[in-house]
Amino acid sequence: GGYGVSGQTLQIDSGVTLQGYGYLAQSSSANLLNNGAVIANTSGQTLSVGFTGISNNGSLRANAGTLQLTGLASNDGLLHVASGAIVSTGSTALTNNAGGTVSGSGLLSVGSATFTNHGTLQPGGAGTVGTLSVTGNFVQGASGNIAADVGPDANTHDVLAISGSANLNGTLNVAPLGSYLPVNNEQYGLLTYSGKVTGTFATINAPAFTGAAPDYDGAGTFFLRMPN
């Protein structure tokens with residue numbers, strides 16, 4: 001294969017890192033298989049990755065600037081967006097598959113399309129508090145789970161901030177950070193969205209939050225509320 005030859009696949013092997021800004025794109029119809037790491041790392045710049053199809057079993061990271069992913073319809077690896085950074089699929093729907101993880105405190109944009117989670121979603125990142133913003137609609141499937149951290153106080157917690165609608169299922173896992181101990185009358189707005197939420201979490205695992213109850217009733221925000 002080569003320039004102008006269609007139907008080819010570019011494979012980034014495990015242990016290989018491509019980082020910076022600029023363009024990585026097809027000249028003719030081609031696919032990208034990422035088993036390594038593709039990283040946007042420059043503030044104010046864009047790393048544009050464009051293929052007919054992108055398969056991610058490795059990591060796609062926006063540590064700074066924008067990571068533009070044209071052809072990414074699903075994720076089986078790690079998709080991470082740091083605070084102040086952007087990951088964008090344009091207006092292409094994105095599904096995080098059962099083995100995939102989406103994390104961070106930046107912006108994930110699918111335009112007017114839908115981001116569907118069947119895997120693990122970590123606003124802020126693992127063991128780190130932050131707000132993961134999603135431009136688009138959000139659906140959580142039955143196998144999906146959201147991991148939310150709270151602490152070091154009741155006003156510091158992860159948030160999944162969705163610009164569009166939210167349809168819930170699956171699992172919500174809530175854990176305290178450090179030495180934080182929940183007390184009665186506290187509440188945690190863990191998700192925000194447009195209008196009222198559809199569906200509910202099938203399971204909420206929050207063993208440190210004794211007596212806490214979900215509140216799906218308010219427009220625009222899902223709360224986990226401690227008892228009075």
Side-chain angles (χ1 to χ4, degrees), residues 1-123 132-141 144 160-165:
Y3 184 87
V5 179
S6 64
Q8 302 297 298
T9 296
L10 172 64
Q11 180 169 314
I12 301 174
D13 288 334
S14 177
V16 176
T17 297
L18 185 153
Q19 60 186 330
Y21 62 93
Y23 297 89
L24 176 65
Q26 61 192 15
S27 62
S28 299
S29 178
N31 297 309
L32 173 67
L33 172 58
N34 177 46
N35 295 318
V38 177
I39 304 170
N41 63 4
T42 307
S43 296
Q45 300 292 335
T46 298
L47 175 57
S48 181
V49 181
F51 288 82
T52 301
I54 299 174
S55 298
N56 180 47
N57 302 311
S59 64
L60 299 170
R61 305 178 66 98
N63 291 343
T66 298
L67 179 59
Q68 177 72 44
L69 298 168
T70 301
L72 181 72
S74 63
N75 174 58
D76 292 284
L78 172 66
L79 180 60
H80 180 80
V81 53
S83 178
I86 299 170
V87 170
S88 175
T89 66
S91 292
T92 299
L94 174 64
T95 297
N96 186 42
N97 290 332
T101 297
V102 175
S103 67
S105 299
L107 172 64
L108 171 63
S109 176
V110 296
S112 59
T114 297
F115 169 47
T116 300
N117 180 44
H118 295 303
T120 298
L121 187 55
Q122 297 173 330
L132 177 61
S133 299
V134 175
T135 298
N137 301 309
F138 176 70
V139 172
Q140 172 141 298
L160 177 62
I162 305 149
S163 70
S165 62

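These values consider heavy atoms only, across backbone and side chains, with no hydrogens, waters or symmetry-generated copies. Values in this document were obtained by computation on a predicted structure and should not be read as measured data.
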Here the pair of heavy atoms bringing His80 nearest to Ser103 is ND1-OG, 2.7 Å
Taking Gly90's backbone N and O only, do any of them form a donor-acceptor pair with Ser88's side chain (distance below 3.5 Å, no angle check)? yes
Looking only at heavy atoms, the pair that brings Ala85 and Asn63 closest together is CB-C, 4.2 Å
Stepwise, does the side-chain hydrogen bond (donor to acceptor under 3.5 Å, both in side chains) test hold for Asn56 with Asn34? CA-CA 5 Å; Asn56 180 47; Asn34 177 46; 2.8 Å; yes
Full working for side chain to side chain contact (heavy atoms under 4.5 Å, CB included) between Val87 and Leu79: CA-CA 9 Å; Val87 170; Leu79 180 60; 4.0 Å; yes
Looking only at heavy atoms, the pair that brings Phe51 and Leu24 closest together is CE1-O, 3.5 Å
Please round to the nearest 0.5 Å and tell me the distance separating atom CG of Asn41 and atom CZ of Arg61. 11.0 Å
Spatial distance of atom OG1 (Thr70) from atom CD1 (Ile54) [nearest 0.5 Å]: 7.0 Å
Distance, nearest 0.5 Å, that separates CG of Leu72 from OG1 of Thr95: 9.5 Å
If we check side-chain contact (heavy atoms from CB on, under 4.5 Å) with Leu121, which of these qualifies: Asn96, Val134, Leu160? Leu160
Give the minimum heavy-atom separation between Thr120 and Asn117, together with the two atoms involved. N-OD1, 3.8 Å
Quick one: pull up OG in Ser163 and CG in Asn137 and give me the separation to the nearest 0.5 Å. 7.0 Å
Does Asp13 reach the main-chain N or O of Asn35 with its side chain, forming a donor-acceptor pair under 3.5 Å? no
When you measure from the side chain of Ser105 to the backbone N and O of Leu132, does any donor-acceptor pair fall under 3.5 Å? no
Checking Asn31 side chain against Gly53 main chain: does a donor-acceptor pair fall under 3.5 Å? yes
Would you tell me whether Gln122 and Thr101 have side-chain atoms, one donor and one acceptor, within less than 3.5 Å of each other? no
Do you see a donor-acceptor pair shorter than 3.5 Å between the side chains of Asp76 and Asn97? yes
Identify the heavy atoms of Ala62 and Ile86 that sit nearest to each other, and give their distance. CB-O, 3.5 Å
Leu47 CG to Leu18 CG distance, which is reported to the nearest 0.5 Å: 6.5 Å
Please tell me if the side chains of Leu108 and Leu94 come closer than 4.5 Å, counting only heavy atoms from C-beta onward. yes
Nearest 0.5 angstrom please: Asn57 CG to Gln11 CD, how far? 9.0 Å
Closest non-hydrogen atom pair, Ser91 against Ser112: OG-N, 4.2 Å
